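Remember, it's a predicted structure, so these values are computed and weren't measured experimentally. Quick note: numbers below take in every heavy atom, side chains included, and nothing from hydrogens, waters or symmetry partners.
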There are 2 protein chains.
Amino acid sequence: MARTQGSHAEITGPKIRTEALRLFAESGYAAVSMREIARAVGVQAGALYNYTPDKQALLFSLLKGHMDDLAEALSALPRAAAPMERLQTFVHFHIAFHLERPQAVFIAYMELRNLTPENFAVIEAQRRDYETGLEEILRAGMATGAFSVPDSKLATLAIIAMLTGVTTWYRPGGRLPLKAVQDRYWDLTRQMVTA
Amino acid sequence: MARTQGSHAEITGPKIRTEALRLFAESGYAAVSMREIARAVGVQAGALYNYTPDKQALLFSLLKGHMDDLAEALSALPRAAAPMERLQTFVHFHIAFHLERPQAVFIAYMELRNLTPENFAVIEAQRRDYETGLEEILRAGMATGAFSVPDSKLATLAIIAMLTGVTTWYRPGGRLPLKAVQDRYWDLTRQMVTA
DNA sequence: GTCTATATCACGATAGAC
DNA sequence: GTCTATCGTGATATAGAC
């Protein structure tokens, strides 16, 4: 009953995004052709242009969706009273979120330079907003005396770089389960921000 | 007296490497054409093949040279007696080395997937060797009781990710001079590894 | 919505003159 | 060592049939 033609919008649309994300993460935006995406989806190259005006818009859409997810998840975190608990929540959240979607995280880092300047500005602003979320926790902890962090901006960038680095080595089924990774990064983070 | 032909090997060879490094860092290996490199160097595309068998070998040569420089600089560090001093030296060194050559650092991270499997294995082994250099410092500090780091492998990766992250935001002439950046990252690192 | 076919252009790499 | 010219291939994107 397999059809080689006809309408499959409900399947094709999401599948284009899934396969493009996978291929961009594996080989890089510039190295992946529209023909290659089409082959993975199971359509001809021309059919992709029913779903995206061009390749650049497809990349931007994937990155924008990822950053939107991140912002939404961050805003949904519980606002515990104490900065120490808020920081612990953030550390656990950041690691889990990033390990759950390694492909999106990878292209959000690697393919920024393949965005047009306008699209880059949008994503970069979202990244700064996310960083500000952590910085506010650090500043709150400074105010209560819970943390000892002379330069909250630098510490914010240091912590995010340290935590995001987990995506470069973590593999499901590896030496440490997710929970252990979260706990150990939290130990390191806690020691780092307390005198 | 400008010549448009003739031999310029002593100029062209290094210039190809400089321009290729710059262009790969700016736009990515896959997005840069041999014609583009040739234009930046001031020769025709065909002339590049007097210096490299192909584009892949050019990329590998740049990455290999960078990793060789890193290994050589690491081995030249003073072997201070105390792990605390050795770690401080490492932190200052790692930051200075990486900030001195942002383009090479960038492509050493971003273009690994554009290496052939054989070339990738070579670079990856060098990266592991470098990480081992830090891990040995941490283990030495554990042995003397100077450090409190339950998982030296994870702490190694966390520290390197944190320190290398400086390349994503540091700009010469910015808010903090190099020395201040080194000192603040050392403060964070020291707090992180001591209980 | 998908297909086939194609316009237009650029790519990596090579050959042979100088 | 560099040039010009080119081979063979594949890229993005579009047009029009179904």
Would you be so kind as to tabulate the donor-acceptor pairs closer than 3.5 Å made by side chains of residues 40-47 of chain A, with sequence neighbours excluded?
none

Original post:
Which residue pairs satisfy the salt bridge (Lys or Arg N to Asp or Glu O under 4.0 Å) criterion with at least one member in residues 73-102 of chain B, sequence neighbours excluded?
Top reply: none
Original post:
Is any NZ, NE, NH1 or NH2 atom of the basic residue among A/Asp187 and A/Arg190 found under 4.0 Å from an Asp or Glu carboxylate oxygen of the other?
Top reply: yes
Report all side-chain donor-acceptor pairs from residues 57-67 of chain A shorter than 3.5 Å, counting only partners two or more places apart or in another chain.
residue	atom	partner	partner atom	Å
A/Ser61	OG	A/Arg17	NH1	2.5
A/Lys64	NZ	A/Asp68	OD1	3.1
A/Lys64	NZ	A/Asp68	OD2	3.1

Original post:
Any salt bridge between A/Arg139 and A/Glu136, counting N to O under 4.0 Å?
Top reply: no
Original post:
Below 4.0 angstrom from OP1 or OP2 of D/dA11, is there any side-chain N or O of A/Ser33?
Top reply: yes
Original post:
Would you say a side-chain N or O of B/Tyr51 is under 4.0 Å from OP1 or OP2 of D/dT2?
Top reply: yes
Subject >> Neighbours of DNA chain D within residues 10-32 of chain B, by heavy-atom distance under 4.0 Å >> reply: B/Thr12
**OP:** Please state whether the phosphate of C/dT2, meaning OP1 or OP2, lies under 4.0 angstrom from any side-chain nitrogen or oxygen of A/Gln44.
**Re:** no
Subject >> A/Glu36 bridged to A/Arg39 by N-O distance under 4.0 Å >> reply: no
Subject >> Whole-Å gap separating C1' (C/dT14) and CG (B/Leu48) >> reply: 13 Å
Original post:
Is any side-chain N of the basic residue among A/Arg127 and A/Glu124 closer than 4.0 Å to the acidic one's carboxylate O?
Top reply: yes
Original post:
Between atom CD1 in B/Ile37 and atom P in C/dC11, what is the gap in whole Å?
Top reply: 11 Å
Original post:
So which pairs with a foot in residues 103-120 of chain A pass side-chain hydrogen bond (donor to acceptor under 3.5 Å, both in side chains), sequence neighbours left out?
Top reply: A/Gln56-A/Asn119, A/Glu111-A/Asn114, A/Glu111-B/Arg113, A/Arg113-B/Glu111, A/Thr116-A/Glu118, A/Thr116-A/Asn119
Could I get a table of every N or O pair under 3.5 Å where one atom is in the protein and the other is in nucleotides 13-15 of chain D?
residue	atom	partner	partner atom	Å
D/dA13	OP2	A/Tyr49	OH	3.0
D/dA13	OP2	A/Lys55	N	3.1

